[in-house]
Amino acid sequence: ACLSAFGAPVGLERHPAGLALARERRLPGLVRGTVERLPFADSSFELASCLDVLYHRGVASDAAALAELHRALRPGGWLLLRLPAYEWMRRRHDAAVHTARRYTRGRVRALLQEAGFRVAICSYANAFLFPAALAVAGWERLSPPAAPRSDLELRPGVWNALLERVLAAEAWWIVRTGLPFGLSVVALAERR
């Protein structure tokens, strides 16, 4: 709903099966393509969000993907980016979701600048959950190898409401001073 203020939202899907599922669910505005070769003309968008995409093993070059996003944005357009943080936090979850790379705030800032963006905000996020994830990562390193398993499950009810409040509080800090650590790196960057 809030994205409609920027025009009709458009989504990108790499696989035909994903497009078919979206059509079954009557989700409009999806096109087939990859983040490294966007099927859009130069300067097509005022806003692009790339949330937990560039880390994936299906993206051969995160730098090429950012250059494509820069190309597809209008001058003065904005990119919202989120990526998993810290290579040393790699876990079974990463194998299950096909993580090729994890990032630091400095690396994300450098990649954005190399692609021609002006970085307005670059911070860690999800700091509240960081201690629990650190404990799980430590436990996994001490326990016998196990099959990859994702942490992503729907947790309805009170947990969602609690986590929504925590993330909203973190957002307040992110836009003012940034967070010194977290499970993710978030950035807001402008096409020059």
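The shown structure was predicted, so the numbers you read here are calculated from the model rather than taken from an experiment.
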| task | For residues R37 and T34, determine if any side-chain heavy atom of one lies less than 4.5 Å from a side-chain heavy atom of the other. | result | yes
| field | Donor-acceptor under 3.5 Å (R101 side chain, L54 main chain) | value | yes
| request: Grab the two heavy atoms, one from S44 and one from R74, that are nearest each other, plus how far apart they are. | output: O-NH2, 3.5 Å
| said: Between R90 and T99, does the side chain to side chain contact (heavy atoms under 4.5 Å, CB included) criterion hold? Intermediate values first, please. | reply: CA-CA 9 Å; R90 187 173 285 274; T99 300; 3.9 Å; yes
| message | Does atom CZ (R141) have a neighbourhood of more than 12 heavy atoms from anything else shown, all under 6.0 Å? | response | yes
| task | Decide yes or no on side chain to side chain contact (heavy atoms under 4.5 Å, CB included) for L111 and V108, but give the supporting numbers first. | result | CA-CA 5 Å; L111 282 167; V108 170; 5.5 Å; no
| request: Please examine the side chains of L66 and L112, heavy atoms only from C-beta on, and report whether any two atoms are closer than 4.5 Å. | output: yes
| said: Could you check whether any side-chain N or O of E170 sits under 3.5 Å from a backbone N or O of F128, counting only pairs where one atom can act as donor and the other as acceptor? | reply: yes
| query | Which pairs count as side-chain hydrogen bond (donor to acceptor under 3.5 Å, both in side chains) when at least one residue sits in residues 111-139, sequence neighbours excluded? | reply | R118-E190, N126-S184
| said: Under the criterion side chain to side chain contact (heavy atoms under 4.5 Å, CB included), I'd like the reasoning laid out for R102 against L83: C-alpha separation, chi angles, the key distance, then a yes or no. | reply: CA-CA 7 Å; R102 287 178 154 268; L83 295 162; over 6 Å; no
| note | Closest non-hydrogen contact found for A48 with L73 is N-CD2, 3.8 Å
| request: Check S143 against R92 and note the closest heavy-atom contact, atom names and distance. | output: OG-NH1, 4.4 Å
| field | Heavy-atom donor-acceptor pair, R105 side chain to G178 backbone, under 3.5 Å | value | no
| query | What pair of heavy atoms forms the shortest contact from S43 to P75, and how long is it? | reply | OG-CD, 3.9 Å
| task | Flag yes if L163 and F181 sit in one hydrophobic cluster, no otherwise; membership is Ile, Leu, Val, Met, Phe, Trp, Tyr, and two members link when side-chain heavy atoms are under 4.5 Å apart. | result | yes
| Are L167 and L80 linked, directly or through other ILVMFWY residues, by side chains that come within less than 4.5 angstrom of each other? | no
| field | Heavy-atom donor-acceptor pair, R82 side chain to D52 backbone, under 3.5 Å | value | no
Using distance only, find each side-chain donor-acceptor pair of residues 10-32 under 3.5 Å and give its atom names and separation, not counting sequence neighbours.
unit_1 : atom_1 : unit_2 : atom_2 : d
E13    : OE2    : H15    : N      : 3.0
R14    : NH1    : G58    : O      : 2.7
R32    : NE     : R14    : O      : 3.1

| query | Can any side-chain N or O of R91 pair as donor or acceptor with the backbone N or O of L134 at less than 3.5 Å? | reply | no
| said: If you define the side chain from C-beta out and look only at heavy atoms, does anything of L79 sit under 4.5 Å from L188? | reply: no
| note | Closest heavy-atom pair, E36 versus S61, reported as atoms and distance to 0.1 Å, is OE2-N, 2.7 Å
| said: Treating H70 as the side-chain partner and G116 as the backbone partner, does any N or O pair qualify as donor plus acceptor under 3.5 Å? | reply: yes
| task | Keeping the roles fixed (side chain from R176, backbone from W172), state whether a donor-acceptor pair exists under 3.5 Å. | result | yes
| What is the distance from atom CG of L162 to atom CZ of R165, rounded to the nearest 0.5 Å? | 7.5 Å
| Are the side chains of F117 and W78 in touch, meaning some heavy atoms are under 4.5 Å apart? | no
| Nearest non-hydrogen partners of L179 and I174, listed with the distance | CD1-CG1, 3.8 Å
| Below 6.0 angstrom between ring centroids: does that apply to Y55 and Y103? | no
